[in-house]
Amino acid sequence: MPELPEVEVVRRGLERWVSGRTVAAAEVLHPRAVRRHVGGAADFTARLIGNTIGAARRRGKYLWLPLAEGGGAIVAHLGMSGQLLVGDPARARQRHLRVRLTFTDGGHDLRFVDQRTFGHLMVAELVPDAFGRAGKEAEAAVPAPVAHIAPDPLEPAFDDEAFYRALRRRRTGIKRALLDQSLISGVGNIYADEALWRARLHWARATENLTRAEVSRVLEGVREVMTAALAAGGTSFDRLYVNVNGESGYFERSLEAYGRRGEPCTRCGTPIRRDVFMNRSSYSCPKCQPRPRRPRL
DNA sequence: CTTCGTTCCTGTACGC
DNA sequence: TGCGTACAGGAACGAA
């Protein structure tokens, strides 16, 4: 499941293999892959053909590729199972191939492959960045569908103090807040559990009474786990393959809470528990992360 | 305005 | 063996 580190690896791959090239042809093999594109598949391909792709950008789990003509950008979200793959245009078509772009230089093609079709591609207009701090105008533009996505905790625009104040204003639980991309972006179910384990906080802790120190621990936990995953997954973007989907190997080695139900906590030895929350699994240590007296879901 | 439940999708694992 | 069911889950959407 791609979260911020995996998406960043893909961004680097796109930067290396796709930026600067001109689209020759675009093919939409499944309409659901472009369901958010206003105008449908025909308009999507029309906007791409003959257009040149600029520098790859990312905010949270959203990726985008500015287009030289028309002022818009290709926006991509990988959802749960999406992959952006680069390779020999003549190679066999993957079973779940949804969109394919070829380029005027005749080189490697770009393929969007997505088994569960939660991911999508679209062309969208750029709008001013509501979260941006003073910067270059071009840098401060984001695609319209990304405008409500907060900065991620690894980018300089992320404001720790503003995040703390936003949490105190909320009436919800810390895990729900971590998964809310308008407060903090790039955190998914897995890294939320990992960060809370590191911070020794239960997922249902009310955000309104978190202390500054506790919020600092959460942010430190998020940054540590993301940085470690990025370091583990960042080795593959050099290859002729834009890697995604946890193939970094990070999942197998370094997870302390997620997926470890019944296994001993590496800090205290207590068996990790699993709760169902938001129709998803939450893993935590019963001793290190005690259930709050007044939980907020 | 905020909060929260539902929904989309398909492959895999597992119990009976 | 085969069938039914739970599970994986990001985020848009609509309801309260």
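Proteins come first, then strands; the chains are lettered A, B, ... in the order of their sequence lines, and each starts at number 1.
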Contacts of Phe103(A) that satisfy ring-ring contact (aromatic ring centres under 6.0 Å, His included) - sequence neighbours left out: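 With neighbours one apart ignored, the set is empty.
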By side-chain hydrogen bond (donor to acceptor under 3.5 Å, both in side chains) - contacts of His202(A) (at least two apart):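 Residues passing side-chain hydrogen bond (donor to acceptor under 3.5 Å, both in side chains) with His202(A): none at all.
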By side-chain hydrogen bond (donor to acceptor under 3.5 Å, both in side chains) - contacts of Glu256(A) (at least two apart):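 Testing Glu256(A) for side-chain hydrogen bond (donor to acceptor under 3.5 Å, both in side chains), a comparison that skips the adjacent residues, returns Thr266(A).
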For [X], which residues count as a side-chain contact (heavy atoms from CB on, under 4.5 Å) partner, sequence neighbours excluded?
| X | answer |
| --- | --- |
| Asp109(A) | Pro89(A), Arg91(A), Arg100(A), Thr102(A), Arg111(A) |
| Ala33(A) | Arg98(A), Val99(A), Phe112(A) |
| Pro66(A) | Trp64(A) |

Nearest-nucleotide comparison on DNA chain B, the residue closer to the 5′ end among Arg171(A) and Asn279(A):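 Nearest-nucleotide comparison on DNA chain B picks Arg171(A).
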Inter-end axis angle, the helix from dT2(B)-dA16(C) to dC16(B)-dG2(C), with every axis fitted to five base pairs (rounded, 10 degrees):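 One end axis against the other gives 50°.
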5' to 3' contact window, DNA chain B with chain A (heavy-atom distance under 4.0 Å):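 The protein-touched segment is dT3(B) to dG11(B).
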Pairs flagged by side chain to side chain donor-acceptor pair (under 3.5 Å) wherever residues 270-280 of chain A is involved - sequence neighbours left out: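 Qualifying pairs: Trp203(A)-Asp275(A), Arg273(A)-Ser284(A), Arg274(A)-Ser281(A).
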Taking N or O atoms only and anything under 3.5 Å, show me the protein contacts with nucleotides 11-14 of chain C, one pair per line.
residue : atom : partner   : partner atom : Å
dA11(C) : OP1  : His77(A)  : NE2          : 2.0
dA11(C) : OP2  : Lys61(A)  : NZ           : 3.3
dA11(C) : N6   : Arg280(A) : NH2          : 3.4
dA12(C) : OP1  : Tyr62(A)  : OH           : 2.6
dA12(C) : OP2  : His148(A) : NE2          : 3.0

Touch class at under 4.0 angstrom, heavy-atom based, for Arg35(A) against every strand present: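 No contact.
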Sugar-phosphate only, base, or nothing, as touched by Arg98(A) at under 4.0 Å among non-hydrogen atoms: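 If one applies the 4.0 Å heavy-atom cut-off, Arg98(A) turns out to touch nothing in the nucleic acid.
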Side-chain donor-acceptor pair present, Arg170(A), Thr207(A), cut-off under 3.5 Å: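 Checked: Arg170(A)/Thr207(A) side chains show no N/O donor-acceptor pair below 3.5 Å.
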Counterpart residues, salt bridge (charged side-chain N to carboxylate O under 4.0 Å, His left out), relative to Lys175(A) (two or more places apart):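 Lys175(A) satisfies salt bridge (charged side-chain N to carboxylate O under 4.0 Å, His left out) with Asp193(A) once adjacent residues are dropped.
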Residues in salt bridge (charged side-chain N to carboxylate O under 4.0 Å, His left out) contact with Arg35(A), at least two apart in sequence or another chain: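 With neighbours one apart ignored, the set is empty.
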For atom CD of Gln115(A) and atom P of dC7(C), their distance in whole Å: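 About 18 Å, once rounded to whole Å.
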